[in-house]
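Below you'll find the structure, written out as structure tokens, and then a few comments.
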Amino acid sequence: MTDSVRHHATGLTAEELPAYIYDLTALREHAAAVRTALPERVELYYAAKANPGAPLLRALRDAVDGYEVSSGGELAHVRAAVPGAPLAFGGPGKTPAEIAAALDAGVHRWHVESEQELHRLAAALADRPQARTVDVLLRVNLPVGEGALDAVALAMGGRPTPFGLDPDQAEECVRLLTGGGPLGRQLLLRGVHAHLASGLAAAEQLAVAERIVEWSAALADRHGFPLEEVNIGGGMAVDYDDPAARFDWTAFGEGLAKLLDAHPGLRLRTEPGRALTAHCGWYATEVLDVKRSHGEDFAVVRGGTHHLRTPATRGHSQPFEVLPVDAWPHPWPRPAVTTGRATLAGQLCTPKDVLARAAKEADGLRTADRVLFAMAGAYAWNISHHEFLMHPHPGFHYLGE
Ligand SMILES: *Cc1c(COP(=O)(O)O)cnc(C)c1O
């Protein structure tokens with residue numbers, strides 16, 4: 001935990017908890033280091049869905065080349081937060097209204113998810129008064145579970161999903177775009193996009209990137225179109241069991257540099273979300289009660305998984321640090337953890353509202369001590385079910401804005 005986060009969390013009153021605290025200075029430093037680790041011919045986009053908080057988007061502006069958005073809502077929000085920043089627009093099931101809005105916003109790259117989407121996009125373009133073209137990448141769902149990648153847990157590629165085009169469908173789309181037909185005059189095929197997996201360490205990410213680039217280069221060769229760009233997706237691992245660990249951006253950058261050496265003229269793009277912002281956010285709260293239940297200690301904290309759904313979604317224990325509060329102004333005994341471990345639960349009336357299970361770090365934890373959950377900067381508040389049980393929303397604090 002940085003000193004500024006600790007200091008800020010200590011200074012909040014109990015009624016100001018729970019609160020999300022973001023260290024934007026740490027975020028800027030981290031993002032700058034990531035940018036430095038990547039070769040010049042690799043563009044860095046931030047996947048806004050990981051955390052679209054406007055102060056975070058602005059803090060990332062100097063380090064990133066653009067933002068990846070996956071809905072009309074994200075598009076409008078990111079446009080307003082960082083005006084003029086290049087946008088890549090992806091996601092399955094784009095509506096006609098979203099397509100029209102994205103055309104008006106002049107997005108930099110379209111990640112096309114299906115053959116029908118090519119037609120929808122061309123039809124929307126034809127409706128615009130001034131004749132225009134757009135730059136597209138075909139999103140492909142490649143099988144990558146071969147050889148070295150057998151052990152990798154793939155979430156989105158190489159198996160049935162609603163995302164992207166199967167390789168044979170991609171071939172058909174390339175024919176439609178490069179065969180001299182009407183679609184190809186409006187939609188300019190720049191290359192390929194693939195986001196196949198998440199939670200990969202650097203060596204596995206590189207193996208996936210190589211596979212995507214080799215496949216894309218072969219596709220371009222077969223159809224005789226110049227392959228200008230390949231977007232290799234996001235999904236860089238973070239380790240919720242080890243908050244101090246970081247994805248090895250240096251090794252990743254060196255590997256990408258080698259890959260680029262083999263493909264002169266090619267531009268790569270990567271679009272991480274979680275690995276950029278997860279570590280800069282903290283969910284700060286306090287212990288309201290400590291209870292013994294059938295032999296186990298439970299510490300109930302202000303807030304819960306309706307604010308920080310990440311541990312419930314992923315089935316992990318969210319890492320945390322304790323800020324002891326020594327003052328105890330009440331005449332009654334102070335409930336505390338005495339069994340050497342405790343489960344940290346929230347205020348919701350459901351057994352699923354668990355932030356950390358049987359945690360040894362909770363040994364000795366007392367009512368009114370503060371608990372700061374780490375790695376709450378990505379897929380945290382914005383994926384949570386805020387209205388369930390109608391508790392107040394947390395505060396939001398952006399340090400170093
Ligand atoms: C979610 C997503 C990302 C970001 O994934 P992370 O695991 O947060 O890095 C990037 N690209 C696409 C298409 C996505 O859907």
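The residues of the chain are indexed from 1 along the displayed sequence. All of these numbers come straight from a predicted model, not from anything done at the bench. Counting starts at 1 for both ligands and their atoms, following the listed order.
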| Parallel, tilted or perpendicular: rings of Phe252 and Phe247 (30°, 60°) | perpendicular
| task | Would you please classify the geometry between the Trp332 ring and the Trp328 ring as parallel, tilted or perpendicular, with 30° and 60° separating the classes? | result | perpendicular
| query | Based purely on interatomic distance, does Lys49 place a nitrogen or oxygen under 3.5 Å from a nitrogen or oxygen of ligand 1? | reply | yes
| request: May I ask you to check whether Gly235 has an N/O atom sitting below 3.5 Å from an N/O atom of ligand 1? | output: yes
| For Gly273, atoms of ligand 1 separated by under 4.0 Å from a heavy atom | 4 (C), 6 (P), 8 (O), 9 (O)
| query | How are the rings of Phe396 and Trp381 set relative to one another: parallel (under 30°), tilted (30 to 60°) or perpendicular (over 60°)? | reply | perpendicular
| said: Only heavy atoms of Arg274, strictly under 4.0 Å: list the atoms of ligand 1 that pass. | reply: 6 (P), 8 (O), 9 (O)
| task | Below 4.0 angstrom from a heavy atom of Tyr379, which ligand 1 atoms are there? Numbered from 1 as shown, please. | result | 1 (C), 4 (C), 5 (O), 6 (P), 8 (O)
| Is a side-chain donor or acceptor of Tyr45 paired with a backbone partner of Ala88 at a separation under 3.5 angstrom? | no
| said: Evaluate Glu68 for polar contact with ligand 1, using N/O atom pairs at a separation under 3.5 Å. | reply: no
| message | Taking Arg190 first and then Glu228, would you say they form a salt bridge - that is, a charged N and a carboxylate O separated by under 4.0 Å? | response | yes
| Salt-bridge present (Arg269, Glu68; N to O < 4.0 Å) | no
| ligand 1 and Glu271, any nitrogen or oxygen pair closer than 3.5 angstrom? | yes
| field | Ala47-ligand 1 polar pair, N/O distance under 3.5 Å | value | no
| query | Can any side-chain N or O of Asp369 pair as donor or acceptor with the backbone N or O of Val325 at less than 3.5 Å? | reply | yes
| request: Using a strict cut-off of 4.0 Å, indicate which atoms of ligand 1 neighbour a heavy atom of Pro272. | output: 9 (O)
